[in-house]
Protein chains: 2
Amino acid sequence: MSDVVKILLVDDEADILEFLSYNLKKEGYDIYTATNGKQAIEMAKKVSPHLIILDVMMPDMDGIETCREIRTLPGLKDVLIAFLTARNEDYSQIAGFEVGADDYINKPIKPRVLVSRIKALLRRGNIEQVVVDKSDLGGIKIDREGFVVVKDGKALNLPKKEFELLELLASKPGKVFTREVILDSVWGGDVVVGDRTIDVHVRKLREKLGDDYIKTVKGVGYKFEF
Amino acid sequence: MSDVVKILLVDDEADILEFLSYNLKKEGYDIYTATNGKQAIEMAKKVSPHLIILDVMMPDMDGIETCREIRTLPGLKDVLIAFLTARNEDYSQIAGFEVGADDYINKPIKPRVLVSRIKALLRRGNIEQVVVDKSDLGGIKIDREGFVVVKDGKALNLPKKEFELLELLASKPGKVFTREVILDSVWGGDVVVGDRTIDVHVRKLREKLGDDYIKTVKGVGYKFEF
DNA sequence: TTATTATGGTAATAGTTTGTTAATTATTAT
DNA sequence: ATAATAATTAACAAACTATTACCATAATAA
């Protein structure tokens, strides 16, 4: 299995970290963060990221210095490093490339630009982004358009009610849906069916998906987990 | 667990998206974006937003159509939807309300106006912006949606009464709840159960959480502390 | 059409978990 | 020390869910 690409973000400003983190997570990268050089080095050793994005301006140990240190670590000699800086800090650009920066990103940057920049960088570094399909729920994929559930690559043709029930539960993994909500949402507020009907459908789903996805919360309802 | 309010923004123009996103993030909302109808639907399914702000004019699938589709999704039938459009596109206003729009916002709009509009809308929809941080209570997290208590990263599946009792006590750490209040609140004013029942439940909770969280105040009641 | 199969629902019952009580022991306050 | 209150345990009852078999109906194929 190819790894998910891991990116370490290093910046002392929390909101920039958050901005980057948010936009890169959305792309399916695994994001790690650090707020100073020391932390960054710790983290880098721990997770062996594919790419490190370093803010040049940081208190104590700046990005350049951090980069230099990281380059000395075994196993991290070839990690991709991109510097992040406010526009017009040209001097650091030069210093940055000298210590082995792979790219140089100016703040502020728009999310889309950031992302395509990252992608290009990873491509150059021969690191392929394995797109993690976030619609993959623990080996189960729900194809709403095709009204089909795919489990471990195999298509399951679930009957309508079973599909809808699964769809509802899986719409918010971890959340408990009460019987009332389930009836309302899958059967419709007016239709009157007994509570056992839900159990039976749950059982059928469990039969097909395995017992580990739908969990009973006694006295409350059911939830989907993976 | 009170969630942060999630808002999905849908517009094909990146700068509008950014404008909205920026201003709403500042208010503490969780912002998700999509640039077309299809993406919007995907995203909506994935994140179950509380509010969707949809641009009416978009290539391929317009806002009206997108709205219609979203309304058919289980779990999203009741999501708040606001349309966004250039002034004077009156026709769409009508069509918008027909497919179940909850509000209608004209572009351009000033940030402050936008924000108060959103707040009003959420208020109408009974969605409160709760900025309660889910800070764990001394290593314990109570997940009301999932009806689960997480202790040191491990999930504890508490039975209903135990969960509700813990929920009550932990709702105000440090405060003593009398037996009377506990019975009223967890068991309901009419139900008559003996006082020992509470003790037994407290004991079970202590067994699972450790003895340090629930404290007896003899002659008065119990309290949660951490 | 008719036969066949798939689906959705019910009912009965078995099985499990949860809630409550009662009895006993331990603790605390006065 | 005594009385009041709480902790603990085990047993029992109640609540709830799982499972199975069965029937009606709808969809599908011959």
Side-chain angles (χ1 to χ4, degrees), chain A residues 146-149 154-169 176-225, chain B residues 74 146-149 155-169 176-225:
Chain A
F147 220 82
V148 144
V149 171
K154 259 180 295 183
L156 291 176
N157 282 298
L158 300 182
K160 192 166 170 222
K161 279 279 180 297
E162 284 170 42
F163 184 89
E164 289 173 347
L165 173 56
L166 176 61
E167 197 182 10
L168 173 67
L169 294 178
V176 178
F177 292 82
T178 63
R179 284 163 184 280
E180 199 193 343
V181 169
I182 292 173
L183 285 180
D184 248 42
S185 166
V186 177
W187 274 264
D190 43 349
V191 183
V192 185
V193 292
D195 266 6
R196 289 310 112 238
T197 299
I198 299 177
D199 304 33
V200 173
H201 280 86
V202 166
R203 191 187 152 279
K204 286 175 181 167
L205 277 175
R206 284 175 174 156
E207 223 165 39
K208 291 167 188 171
L209 301 175
D211 285 346
D212 302 328
Y213 293 99
I214 299 173
K215 206 165 185 180
T216 304
V217 180
K218 212 158 176 164
V220 186
Y222 294 95
K223 65 178 164 178
F224 181 93
E225 273 183 337
Chain B
F147 220 85
V148 138
V149 171
L156 292 177
N157 286 296
L158 302 181
K160 198 173 171 198
K161 279 276 180 306
E162 283 170 41
F163 184 89
E164 290 173 346
L165 173 56
L166 176 61
E167 199 182 8
L168 173 67
L169 295 178
V176 180
F177 292 82
T178 64
R179 284 162 185 281
E180 197 194 341
V181 169
I182 292 174
L183 285 180
D184 249 42
S185 164
V186 177
W187 274 263
D190 42 349
V191 184
V192 185
V193 293
D195 264 8
R196 288 311 111 235
T197 299
I198 299 178
D199 304 34
V200 172
H201 279 88
V202 166
R203 192 191 150 276
K204 286 176 179 165
L205 277 174
R206 285 176 174 156
E207 218 167 42
K208 291 166 187 169
L209 301 175
D211 285 346
D212 303 327
Y213 293 98
I214 299 172
K215 209 165 185 178
T216 303
V217 181
K218 205 151 178 163
V220 187
Y222 294 95
K223 65 176 166 179
F224 181 93
E225 273 183 340

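Naming convention: chains lettered A, B, ... in sequence-line order (proteins, then strands); numbering from 1 in each chain.
Taking atom CG of A/Leu205 as the reference point, atom P of C/dG8 lies 11 Å away to the nearest angstrom. Per the geometry, CD1 belonging to A/Ile214 stands 12 Å off P belonging to D/dT19, to the nearest Å. Between the C1' atom of C/dG8 and the CG atom of A/Leu183 lies a distance of 13 Å, rounded to the nearest Å. In this structure, the CD atom of A/Glu164 is 10 Å from the P atom of C/dG9, given to the nearest Å. In this structure, CG of A/Asp199 is placed 13 Å from P of D/dT20, rounded to the nearest angstrom. A straight line from CG of B/Asn157 to P of D/dC16 spans 18 Å, rounded to a whole angstrom. Taking atom CD1 on B/Ile198 and atom C1' on C/dT21, their separation rounds to 14 Å, with Å as the unit. Nucleotide D/dT9 holds its P atom 12 Å from the NZ atom of B/Lys204, rounded to whole Å.
The only member of B/Arg179, B/Lys204, B/Arg206 that meets salt bridge (charged side-chain N to carboxylate O under 4.0 Å, His left out) when paired with B/Asp199 is B/Arg179.
The side chain of A/Lys218 has D/dC16 as its nearest neighbour among C/dG9, C/dG8, D/dC16. The nucleotide whose nearest atom lies closest to any side-chain atom of B/Arg196 is, among D/dA6, C/dT7, C/dT10, D/dA6. Candidate nucleotides C/dT20, D/dT19, D/dA6 were compared by shortest atom distance to the side chain of A/Arg203, and D/dT19 ranks first.
Heavy atoms of B/Val200 sit under 4.0 angstrom from at least one base atom. A/Thr216 comes within 4.0 angstrom of the backbone, heavy atoms only, and of no base. Contacts of B/Tyr222 with the nucleic acid, taken as non-hydrogen atoms under 4.0 Å apart, involve only primed sugar atoms and P, OP1 or OP2.
Side-chain atoms of B/Lys223 never come within 3.5 Å of backbone atoms of B/Val217 as a donor-acceptor pair (strictly under, hydrogens ignored).
Atom OH in B/Tyr222 sits 9.0 Å away from atom CG in B/Leu165 (nearest 0.5 Å).
Taking the six-membered ring wherever Trp is involved, the centroid distance between the rings of A/Phe224 and A/Tyr213 falls below 6.0 Å.
Toward the 5′ end of DNA chain D lies the nearest nucleotide of B/Val217, the other residue of the pair B/Val217 and B/Glu207 mapping further downstream.
The nucleotide C/dT30 finds its pairing partner in D/dA1, both defining distances of the Watson-Crick or G-U wobble pair being shorter than 3.5 Å.
At the phosphate of C/dG8, neither OP1 nor OP2 sits under 4.0 Å from any side-chain N or O atom of A/Trp187.
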Apply the test side-chain contact (heavy atoms from CB on, under 4.5 Å) to residues A/Trp187 and A/Ile182: give CA-CA distance (whole Å), side-chain angles for both, the deciding distance (0.1 Å), then the verdict. CA-CA 7 Å; A/Trp187 274 264; A/Ile182 292 173; 4.0 Å; yes

